[in-house]
Amino acid sequence: MNKAVIAFINKQRLLEKNATVLVGVSGGPDSMALLHFLRSIREEWDLNLIAISVDHQLRGEESIADVKYVEEVCRQWEITFKSTSVDVKSYKNELHVGTQVAAREMRYRFFEEQMHAHQASYLALGHHSDDQLETMLMSLVRTANSSALSGIPAKREFATGWVIRPLLAATRSDIETYCKINGITPRYDPSNKELTYTRNYFRNTVLPLIKEKNSNIHNTIQHLSETLAEDEAYLRNEAEKLVNRLVDFTTNYERASFEITLFKKHPIALQRRAYHLILNYLYKRLPKDLSYTHEAYFFSLLEGGKGNVQIDFPFDLTLEKSYNNLSFYFSDQGPHDSSYCKTLNIPGTTMLPDGTVIHAEMIEQLPLGERDSYVCKLEEIQLPLHIRTRKPGDRMRWKGLAGSKKVKDIFIDAKIPKLERASWPILVDDQGEILWLIGLKKGQPKHQANNAPYIHIYYERG
């Protein structure tokens, strides 16, 4: 096993000499073999080893005894030892998650604390090739997301350094043999035999059948995991670039939106990963009942011909298509009363709720035509001017139009998303006459005048 693990470490560049390495140790054969192996190369690699152990308080005196066992072995092997006890049951009930999820999150929280405390470069964990096989088979059964099929990474960034898994080069049988040869008597968790846990079911019933057909399945799966991980890393990086370029998020990551035509110009592989990245940003924790069917709904919105459609996702997330815009928002962050009315400072600036700044000034000569500005003569309008949101029945007129037109119809013709209409800024005079749907449509006052001065209004978008 030693040669295979050393070769794997070198191939994956898992370790560097003169490093501080934390080792997660439960007392079981995997972690004890890993700790013993790293101890055997400690002098050659000049490693500072620190064993860390967590009592999850799930098995009473047995789990306490596991920690004490690891502590005693570390004393004999002259390895620094750190441990903690965590209340998994309370954490599980508080967050409404499964036992294994709660235990993992609390365990990794302690690992992260210790990484920072010791400024460690590595956290070594005892996952082996059988764990890899179990993980990938479980992913194949319960997900249609290709990124989830890359399995357990041999190395990933974590806290002050990296999580590494040198024993992915070894099988469970290799590890048990290693323990016997080196006189290691590990502790065993009886819950590993309980088939109520999905992993245990695969471990004890499915894997033995597969190994009968292919005894080399461990190497095959590990190679598949590495190639999938490399491909996925590249595609994810490209998808992140796409999201950063096209998707607008609110500062608290509770809403997201993008233009559909721009999004669809990219390959479907990037669109799919961008969709998953958006969900990762929005959800604090991905819902269990989020499945490939929701991905299909997402793409149906992109391809559908209807201008306004909504689809409900788990945990009150809504996807809303409005013409060429697709928005993600939670129900408590969805449409709400965003109306306002502000008196325009002339001369001066006026700040709108979305950060847009409206500038107003008095000028003597008519400026050249500017797309993002509005000019009218002082005697044509009734001061003061106001910036407000729309009201029921709003209508406006402009040069060449016979009569007036509903603001609602102007929004529809311009394909303005519903979510944006309620907060769209409108310039009106003190009689309520609409002068400018800011940035969209310029109106014409009812009364015309020939003399100056002019009022010049322009804006900087928030």
State plainly whether the residues [X] and [Y] are in salt-bridge range, i.e. N to O under 4.0 Å.
| X | Y | result |
| --- | --- | --- |
| Lys241 | Glu238 | yes |
| Glu303 | Lys264 | yes |
| Lys82 | Glu113 | no |
| Glu176 | Arg172 | no |
| Arg42 | Glu78 | no |
| Lys211 | Asp130 | yes |

Can you say whether the rings of [X] and [Y] are parallel (under 30°), tilted (30 to 60°) or perpendicular (over 60°)?
| X | Y | value |
| --- | --- | --- |
| Tyr281 | Tyr253 | parallel |
| Tyr297 | His294 | perpendicular |
| His359 | Tyr458 | parallel |

Check whether any side-chain N or O of [X] sits under 3.5 Å from a backbone N or O of [Y] as a donor-acceptor pair, and report yes or no.
| X | Y | result |
| --- | --- | --- |
| Asp131 | His128 | yes |
| Ser31 | Ser26 | yes |
| Gln310 | Glu320 | no |
| Asn182 | Ile184 | no |
| Ser53 | Val67 | no |
| Thr350 | Leu344 | no |
| Ser129 | Ala170 | yes |
| Glu112 | Phe158 | no |
| Gln12 | Ile9 | no |
| Lys321 | Gly304 | yes |

Checklist entry - Are there more than 12 heavy atoms of other residues, nucleotides or ligands under 6.0 Å from atom CZ of Arg245? => result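 Yes, enclosed.
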Evaluate the side-chain proximity of [Y] to [X]: yes if any heavy-atom separation is below 4.5 Å, no if none is.
| X | Y | answer |
| --- | --- | --- |
| Met1 | Ile181 | no |
| Val25 | Phe81 | no |
| Ile387 | Tyr340 | yes |
| Val247 | Leu277 | no |

Checklist entry - Does anything in residues 2-49 pair up under ring-ring contact (aromatic ring centres under 6.0 Å, His included), and if so which pairs, sequence neighbours excluded? => result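 Of all non-adjacent pairs touching residues 2-49, those that pass ring-ring contact (aromatic ring centres under 6.0 Å, His included) are His36-Trp77, His36-Tyr178.
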Checklist entry - What's the verdict on salt bridge (Lys or Arg N to Asp or Glu O under 4.0 Å) for Arg109 and Glu105, showing C-alpha distance, side-chain angles and the deciding distance? => result CA-CA 6 Å; Arg109 183 182 299 174; Glu105 290 186 1; 5.7 Å; no
Does any donor atom in the side chain of [X] or [Y] lie under 3.5 Å from an acceptor atom in the other side chain?
| X | Y | value |
| --- | --- | --- |
| Gln57 | Ser85 | yes |
| Ser225 | Gln132 | yes |
| Ser291 | Thr293 | yes |

Next on the checklist: Using the rule given for salt bridge (Lys or Arg N to Asp or Glu O under 4.0 Å), can you reason through Arg75 versus Glu72, listing the C-alpha separation, both sets of side-chain angles and the distance that settles it, and then say yes or no?
Outcome noted: CA-CA 5 Å; Arg75 186 188 64 79; Glu72 175 58 24; 2.5 Å; yes
Item to check | Minimum heavy-atom distance between Glu295 and His276, given as atom pair plus value | outcome: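 Between these two residues, the closest heavy atoms are OE1-NE2, 2.8 Å.
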Next on the checklist: Does Asp55 form a side chain to side chain donor-acceptor pair (under 3.5 Å) with Ser63? I'd like the steps, not just the answer.
Outcome noted: CA-CA 6 Å; Asp55 173 15; Ser63 58; 2.8 Å; yes
Next on the checklist: side chain to side chain donor-acceptor pair (under 3.5 Å), that's the test. Do Asp174 and Thr171 meet it? Break it down for me.
Outcome noted: CA-CA 5 Å; Asp174 294 333; Thr171 66; 3.0 Å; yes
